[in-house]
Every structure is written in C-alpha cells, then in structure tokens.
Amino acid sequence: MTVLVGRRPLSLERAYRHLGDASSGGVVLFVGRVRPEDQRGRPLVALDYEADVRMAVGALRRLEGECARRFGTRKVFVEHRIGRLRVGTASVIVGAAAPHRAAAFQAARFLIECLKLEAPIWKTDRYRSNRRTVAR
Amino acid sequence: MTVLVGRRPLSLERAYRHLGDASSGGVVLFVGRVRPEDQRGRPLVALDYEADVRMAVGALRRLEGECARRFGTRKVFVEHRIGRLRVGTASVIVGAAAPHRAAAFQAARFLIECLKLEAPIWKTDRYRSNRRTVAR
Amino acid sequence: MAGRLRILLFATAREAVGESTLSWPLPRTGLTARQLLDALGKAHPKLAPVLSISRIARNGAYLTLLSTPLTSGDEIAIHPPFSGG
Amino acid sequence: MAGRLRILLFATAREAVGESTLSWPLPRTGLTARQLLDALGKAHPKLAPVLSISRIARNGAYLTLLSTPLTSGDEIAIHPPFSGG
C-alpha cells in the first residue's frame with residue numbers, strides 16, 4: 001500500500017513500481033487530469049488543489065484493506081498532487097494489482113470513486129482573471 | 001489510435017503520451033504481466049508470445065472505432081509485446097482516454113477483453129525444461 | 001478550562017475567512033463544538049453557510065456529536081464538501 | 001491453375017508441423033480451402049486436430065466459406081485459438 005499526497009509531479013512509472021508484484025497478472029492505473037473547462041463549460045487556466053493532508057492520507061489508507069477484502073488486490077497505490085495544476089496536468093493516479101484483471105479493474109475504479117467521496121481534498125477553479133471554488 | 005505489436009519492451013510513459021489530449025479528464029491503463037504459474041499452478045519460467053502481426057494490428061485497429069462509438073473515447077492505445085517474456089514482464093498495455101472516467105474504465109476493459117478474443121496472438125508456456133502451448 | 005483552539009480552514013471555508021488557520025479562545029466555562037461553530041459563524045458571516053454543509057474534525061477524527069466539549073490545544077478542521085480527484 | 005500457396009503456421013499448428021511456413025503445390029485442377037486442409041492434415045497427422053479448431057485466413061482475411069477456391073500465390077494462415085494478453 002502506498003498513499004502519497006504532495007506537490008511533486010506524478011509519475012506513472014513510480015506508480016507501477018509500487019504495484020510491482022510478479023504474482024499479479026493484471027495492473028490497472030487511472031490518471032485524472034485537469035480538464036480545460038469547468039462544470040459549466042467555461043475555460044479554465046488551472047485548478048488549485050489543497051488537502052487536509054493528514055486526514056486525506058488516513059482516509060486513503062483505510063481503502064487499502066477494503067480493496068484487499070473486496071477484490072483480493074495484492075497492492076494498491078494512490079497519489080494525489082496538490083498545488084496549482086495547469087490544464088492537462090495529472091492531479092491523481094490510483095492503481096491496483098491483482099492476480100486477475102477483473103479484480104484490478106474493479107479495485108482501481110473503487111479507489112478513485114472512494115477518493116472523491118472520502119478524502120478531504122479540494123479544488124478551486126482558476127480562470128484568466130477571477131476565481132471560484134467548486135464542490136463536486 | 002495507436003496499435004503496436006512488436007518486440008521492444010513496453011513503456012507506460014509511451015502509452016500515456018499517445019493518450020495525451022488535454023480535453024480527456026480520465027485515462028485508464030491496463031498492464032498485463034507474465035504470471036509465475038501456468039493455469040494448473042505449475043511454475044513457469046517465461047511465456048513465448050507470437051502473433052500474426054498484420055492481422056493482429058488489423059483486428060486491434062477495428063476496436064478503435066468501436067470504442068469511440070460505444071464509450072465516446074477520444075484516444076485509445078494498444079501495444080502487445082511478442083518474443084520470450086520472463087515472469088513479471090509486461091506483455092500488453094491497453095489504454096483509453098475519455099472526458100469522464102466511467103467511459104475510460106469501460107473502454108480499457110473492452111479493449112483487453114476484445115484483444116484476447118479477437119487478436120491472433122498466442123502464448124506458449126516455458127518451463128524449466130519442457131514446453132506446452134496454451135489456448136486461453 | 002480556558003486556553004486556545006487551533007482552527008484549520010480549507011477551500012471555501014478558508015476563502016470565506018481569508019485565513020487558513022485561526023487561533024480561537026476557549027472560555028473558562030468551556031465550549032462545545034456546536035457553540036464554537038455558532039461563534040465562528042457570528043464572527044465571520046460569510047463562513048456561516050459553509051459551516052452548515054461542512055464536516056468538523058477534532059485532532060484528525062470527525063466529530064459525530066457536536067455536543068462534544070472541546071479542550072485547550074484541540075485542532076479543529078473545517079472540511080467543506082470534498083472535490084478532489 | 002497450378003502454382004504454389006504459402007502456408008503460415010502459428011502456435012500449436014507450427015509446433016505440430018515443426019515449421020512456421022510451408023510452400024504448398026497448387027494442382028492444375030485447383031484446390032478449395034477445405035481440400036487444402038484435408039491434404040495438410042494427411043501430410044502432417046499431428047496438425048489435423050489443430051486444424052479442426054483453427055480459423056483459416058487467406059491474404060489477411062478470414063475465410064468463412066471453406067469451399068473458396070484458392071489461387072496461386074495465396075497466403076493461407078492457420079490460426080489456432082488465440083491466447084494473447
């Protein structure tokens with residue numbers, strides 16, 4: 001289990017290394033990126049992400065055991081980046097490794113859905129001139 | 001759309017670059033790896049992969065349009081490695097980028113399931129001393 | 001009792017107050033979480049509607065009972081609805 | 001007619017024959033895909049059971065009718081059940 005919340009750029013190779021386990025035939029990775037528009041279709045420049053880091057890490061760590069119990073995952077990985085992220089930049093990577101692919105797909109989907117519901121992380125839309133915080 | 005069948009080592013970063021499209025908020029990647037045991041639980045040393053490359057590429061290219069129609073994907077990526085791959089080595093990467101994550105997950109799953117059903121690619125189990133071809 | 005609380009404000013709560021942390025006095029008579037939220041909402045009117053939809057954590061754990069009495073040195077986090085991912 | 005066909009053998013088909021390609025004579029009287037498969041199975045008895053579960057392609061496209069007459073220079077691929085991924 002690896003859970004990271006911080007400012008450094010995300011790396012798929014790093015995520016994959018953390019999921020390394022020769023007995024897992026399937027690895028699924030999800031990358032979330034900053035989209036070019038807000039929810040009302042207005043053009044964005046960036047999103048500012050912030051987190052209650054201690055509580056976010058705690059919430060995400062609890063998902064590990066849940067994934068192992070529900071899906072039989074061998075390893076899971078969650079990294080969320082915070083700070084100002086420009087359009088197209090990866091904000092989150094979640095991944096799961098399991099002996100079979102169905103479990104890896106289900107676990108990765110579960111991780112990103114639960115992250116959005118349970119991790120105290122927030123984005124604030126940044127436009128060319130003004131600002132607004134969005135709860136999704 | 002990118003479809004590759006060849007001998008060079010797979011790269012997640014390369015796959016991700018091919019899926020680059022700032023308007024796609026979600027990217028899902030699946031990596032299949034050589035498992036340490038065959039289907040009967042006997043220890044493997046490697047798998048030898050071979051393909052009818054021309055027909056495999058044709059079959060995989062047809063999946064692109066199907067993914068766009070079914071799931072609204074913006075980009076998809078499929079690369080299958082052939083040759084002798086030792087246990088733990090990645091044999092296949094599929095990926096899909098879509099505006100929303102549900103579609104990206106569905107498309108990536110669809111790609112790997114269809115690849116297994118429709119692409120003329122084969123693996124042969126390699127043990128410490130003997131050999132056997134497995135159809136799965 | 002007496003002493004101080006540390007308040008951590010995130011996202012819309014931070015924007016409503018203009019600060020990411022506040023140091024808040026704890027009166028001798030004590031204070032429950034509910035009383036703290038009422039006082040914060042009065043001191044920062046723009047914060048009141050955010051508080052009404054936020055989860056409140058004390059020292060890293062969510063409070064389920066706002067009648068919980070607070071203790072000097074407690075760290076209280078105001079978590080508006082999450083929007084990570 | 002006459003001429004030759006090129007046969008591509010994969011996986012268990014290749015192992016049954018011991019070669020990955022064969023050059024096969026096309027008689028003056030012609031040959032359908034079905035007749036080719038029968039001849040191949042007779043020449044290579046270990047190949048016969050593989051042929052019975054394989055898909056047959058001609059010049060990159062699967063044959064749905066084994067009654068299709070073959071032409072000199074055709075490339076015939078024998079595809080046992082796939083096992084990629």
Side-chain angles (χ1 to χ4, degrees), chain A residues 10-17 19-39 41 43-47 74-75 85-113 115-116 123 136, chain B residues 9-17 19-39 41 43-47 74 85-113 115-116 123 136:
Chain A
L10 302 181
S11 157
L12 271 170
E13 295 294 350
R14 186 166 66 229
Y16 187 72
R17 272 200 308 281
L19 295 167
D21 163 16
S23 67
S24 292
V27 176
V28 174
L29 291 153
F30 170 81
V31 183
R33 294 194 284 214
V34 177
R35 298 180 61 198
E37 297 176 343
D38 72 6
Q39 292 196 297
L44 280 172
V45 171
L47 292 175
R74 297 284 168 84
K75 300 244 175 132
L85 305 186
R86 299 189 70 79
V87 166
T89 306
S91 56
V92 63
I93 296 182
V94 305
H100 295 287
R101 64 189 181 281
F105 272 101
Q106 289 167 340
R109 184 78 197 270
F110 177 82
L111 286 169
I112 186 62
E113 300 298 336
L115 179 150
K116 285 170 172 276
K123 58 166 77 73
R136 295 191 183 171
Chain B
L10 302 182
S11 157
L12 270 171
E13 296 294 350
R14 186 166 65 230
Y16 186 73
R17 270 200 307 280
L19 296 167
D21 163 15
S23 67
S24 292
V27 176
V28 173
L29 291 152
F30 170 81
V31 183
R33 294 194 286 214
V34 177
R35 298 182 61 197
E37 298 176 341
D38 72 6
Q39 291 197 298
L44 280 173
V45 170
L47 292 175
R74 297 284 169 84
L85 305 186
R86 301 190 68 79
V87 165
T89 307
S91 56
V92 63
I93 296 182
V94 305
H100 294 287
R101 64 189 181 282
F105 272 101
Q106 289 168 341
R109 185 76 196 272
F110 176 83
L111 286 170
I112 185 64
E113 300 300 336
L115 179 150
K116 285 170 173 273
K123 57 167 81 70
R136 295 190 182 170

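Computed from a predicted structure; not experimentally measured. Both backbone and side-chain heavy atoms feed into the values below; hydrogens, waters and symmetry mates do not.
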Discussion item. I'd like to know if the side chain of B:Arg33 reaches the main chain of A:Ser24, judged simply by a donor and an acceptor atom lying under 3.5 Å from each other, with no hydrogens or angles considered.
Written reply: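 It does hold such a pair.
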
Discussion item. A side-chain contact here means heavy atoms from C-beta on lying under 4.5 Å apart; do A:Val31 and B:Leu19 qualify?
Written reply: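 Not touching, per the 4.5 Å side-chain cut-off.
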
Item to complete: List in chain and number order the residues that pass salt bridge (charged side-chain N to carboxylate O under 4.0 Å, His left out) with A:Arg109, two or more places apart in sequence or in another chain; answer none if no residue qualifies.
Response: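 By the salt bridge (charged side-chain N to carboxylate O under 4.0 Å, His left out) rule, A:Arg109 matches A:Glu113.
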
Which bit of [X] is near chain B, if near means a heavy-atom gap under 4.5 Å: side chain, backbone, both or neither?
| X | result |
| --- | --- |
| A:Ala108 | both |
| A:Ile93 | neither |
| A:Ala104 | neither |

Item to complete: With sequence neighbours left out, write down each residue that passes side-chain contact (heavy atoms from CB on, under 4.5 Å) with B:Arg14, or none if nothing qualifies.
Response: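 B:Arg14 satisfies side-chain contact (heavy atoms from CB on, under 4.5 Å) with B:Arg8, B:Ser11, B:Arg17, B:His18, B:Glu79 only.
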
